[in-house]
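First the structure, in the form of structure tokens, and then the observations on it.
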Amino acid sequence: MADPLFTVAATLRAAFAQATGLPADSIDPVVRPSDRADAQANGALALAKQVGKNPRDVAAAAVATGLLADSCSSVEVAGPGFINLTFKPAFLATQLAEAASDPRLGVRSATQQRNVVIDYSHPNVAKEMHVGHLRTTMIGDSLVRLLRFVGHRTILENHIGDWGRQFGMLIEHLLDIGETEAAHELSVSDLNTFYREASAKFEASESFKDRARQRVVELQSGDAETLRLWRLLVDESMRSFNEVYARLGVLLTNDDLMGESAYNDMLPIVIDRLRDQGLLVESQGAEVVFPEGFLNREGEPLPLIVRNSVGGFGYAATDLACVIDRVERLHADLMLYVVGAPQAQHLSMVFAVAQMAGWLAPPVEAIHVPFGNVLGEDRKMFKSRSGETVKLSNLLDEAVERATASVREKNHEMSADEQAEVGRMVGIGAVKYADLSTDRIKDYAFDWERMLSFDGNTAPYLQYAHARICSIFRRAQIERASVRAIVPTLAEPQERALALTLLQFDSTVHDTLDKYSPHRLCTYLFELAQAFTAFYEACPVLKDGFEDTRESRLALCDLTARTLQQGLALLGIEAPERM
RNA sequence: GCCCUCGUAGCUCAGGGGAUAGAGCGUCGGCCUCCGGAGCCGUAGGCGCAGGUUCGAAUCCUGCCGAGGGCGCCA
């Protein structure tokens, strides 16, 4: 039911234990895919050293246990002590049939169910969502889907920027133009215009600046009318965010909102609790904590500023309140922060202080899942031609437009509606996949041509492979589900290769989650699509004269399509049945 | 100045202790009585530099070079 490499690793652990006398749970057999066989085990080399024997002898002794005979047709010791493993076709076929009969396609459940809080997306109220929000939203969404798929409980938290000094000027500007006009402007125009106008007045007018400052005080003191106006800004912004979320097809809803404002009441408590524990220090008029090991540019201890010198709470206070809330109220035992790489130091300081205060202690874990920037062709921050940040809504418009044009060009007979629908799936999928398919820690260059190409490691290529398989079943006029009990025959090398790749879906999903790196799943899906294409090229499915292999190959087709579809779904990408 | 991340083929990227470093695009050369040619097969071409650890290093450690980012009251 699991990856054969995983299964054989367990077998080898026992074999090595017998061969060396070491306890099985201390042994890593180091099983890897191999280009010389189906798999290779390299564990003998390290183990030989531990027990003072020749690596080849250790490998030979492990092989001699005979434990591998059930799953392997060939087991050979090679080189300095590698064990080359070739699986029995019948073993692989059985595993495939098991995966095919499983709604989760053979993916194991997590050994321990965790309660996971995922903090991601977090756009700012009164500002348009832009490319800067793309990665956190995509990566976070995919991690949620992956976590759920292996059985974890997930709590989504959209920590929107809905509080702070800028709301003084925004509310005053709102009053200036009138609520009706403001609501109109915020909905038909865009959020950025409203923000820019407010900001311009703030810069230009001293009296406006005074009003804005006064309004901040009223907001913070909970003045009802001010809060009502603030709520109006938040609601209008959410309308705009939700449009983008709907188009992206991400899981976030209003129920997941936990903006900065939600923690206001907790901020004094954070201060009290830090003070009670003797962690709070007054420094240059501010209340701070000095976590160990952090230095400023003068080499002096670097503080985490919880409350500034004029009595205001900064985001450090909010982030600490978040930790308390997530651990004590939500009972999270894993907290993922899908936040850009530049915040690394800030977050590690927050975590350090939370640990000092005892709020964050094993088995509870807080993990920063950092990511790099989206770059333009010039390798600098991705900007529009006019030099402005690119709005997500515009970006998605263009993606769908380009993809629809391409679909239209290649499917003249398809109805306009279907062209549009497929174009939407392809366009949105392309943007998402481009974002998820490179190692998140690196910057990546945004390139329309490449991401929408049907060749290479792209969403359209994977979607195409899926659509092709769907087309095979349409031609065959056979129910997909009817081939799921078939144990396929793996005679051709391309069939074997496809089978091995299909069975790696299990370990790929777990590996992807271990590293919180969706690009590993992307790489796998691309390899799967390539393995399928090679299979399809070499192994006729429906052609006359191949009736004997027909059902077996249809079974391989079906499992491939389902794995592609499920894999893409875990990335938040749709797979059309024709395109 | 200190700290963090990154540096792999012409380009875009995988690989993060195991044998001969992979893929896509592009290059060059093949394959069409093709189950969707939006395809397939082949080709040349590379681990920033220098040390170290190890039986074994693209991978771990140190230094240097280069790029980006962070470094007390913005979030």
Side-chain angles (χ1 to χ4, degrees), chain A residues 30 32 34-36 40-43 45-46 48-49 55 78-82 84 122 124 159 161 163-166 260 283-288 290 293-310 312-316 318-319 340-346 348-349 370 372-373 375 379-381 406-407 409-411 434 437-439 441-445 447 449-451 453-458 460-461 463-465 467-472 475-476 515 519-520 522-524 526-527 530 533-534 536-544 546 550 553 557 578-579:
Chain A
V30 196
R32 301 286 132 90
S34 175
D35 48 5
R36 293 155 196 261
Q40 65 181 63
N42 309 329
L45 285 82
K49 189 157 190 123
F82 303 116
N84 289 338
H122 39 249
N124 293 310
H159 193 65
W163 204 249
R165 287 207 297 261
Q166 71 277 23
E260 291 163 9
S283 174
Q284 300 172 27
E287 295 187 278
V288 310
F290 289 100
F294 294 90
L295 302 176
N296 67 12
R297 54 183 98 216
E298 277 75 45
E300 298 151 355
L302 181 67
L304 183 70
I305 296 170
V306 186
R307 179 147 59 178
N308 66 28
S309 53
V310 297
F313 294 101
Y315 74 140
T318 310
D319 286 343
Q343 302 264 13
Q345 180 176 269
H346 165 73
S348 66
M349 289 178 79
N373 297 312
L375 306 178
R379 288 253 129 209
K380 298 193 174 142
M381 292 292 280
S406 156
V407 168
E409 186 189 324
K410 284 153 182 157
N411 298 278
S437 59
T438 62
D439 189 353
I441 197 63
K442 295 184 185 177
D443 296 346
Y444 79 92
D447 183 333
E449 292 265 329
R450 201 169 50 241
M451 76 176 72
S453 167
F454 288 79
D455 299 305
N457 188 9
T458 66
Y461 176 79
Q463 290 169 322
Y464 176 62
R468 260 177 119 180
I469 301 175
C470 293
S471 147
I472 294 169
R475 283 178 45 89
K515 304 278 169 43
H519 85 279
R520 289 173 176 264
C522 296
T523 303
Y524 166 79
F526 180 54
E527 284 169 2
Q530 288 189 118
T533 321
Y536 191 62
E537 195 72 21
C539 305
V541 180
L542 300 180
K543 277 186 185 168
D544 289 343
F546 292 90
R550 193 175 142 129
R553 288 177 178 172
C557 287
R578 62 181 93 213
M579 60 189 283

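Numbered from 1 within each chain, the chains take letters A, B, ... in sequence-line order.
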Nearest whole angstrom, please: distance from the P of A14(B) to the OH of Tyr524(A). 19 Å
Length of the CZ-P vector between Arg475(A) and C35(B), whole Å: 7 Å
Just how far, in rounded Å, is P of C71(B) from CZ of Arg297(A)? 8 Å
Classify Gln530(A) by what it touches in the nucleic acid, base, sugar-phosphate, or nothing, heavy-atom distance under 4.0 Å. sugar-phosphate
Map Asn411(A) and Ala538(A) onto RNA chain B by nearest heavy atom, then report which one ends up closer to the 5' terminus. Ala538(A)
What integer distance in Å separates His346(A):NE2 from G70(B):P? 14 Å
Please state how far atom CD in Glu300(A) lies from atom P in C3(B), giving the value in whole angstrom units. 16 Å
Is Ala78(A) touching bases, backbone alone, or none of the nucleic acid, heavy atoms closer than 4.0 Å? base
Whole-Å distance separating the CD atom of Glu260(A) from the P atom of A75(B): 8 Å
Whole-Å distance, Tyr461(A) OH to G37(B) P, equals 12 Å
Taking U5(B), A75(B), C35(B) as options, the one with an atom nearest any side-chain atom of Val541(A) is C35(B)
Tell me the interatomic distance from Lys380(A), atom NZ, to G69(B), atom C1', rounded to whole angstroms. 16 Å
For RNA chain B, whose closest nucleotide is more 5', that of Asn373(A) or that of Asp35(A)? Asp35(A)
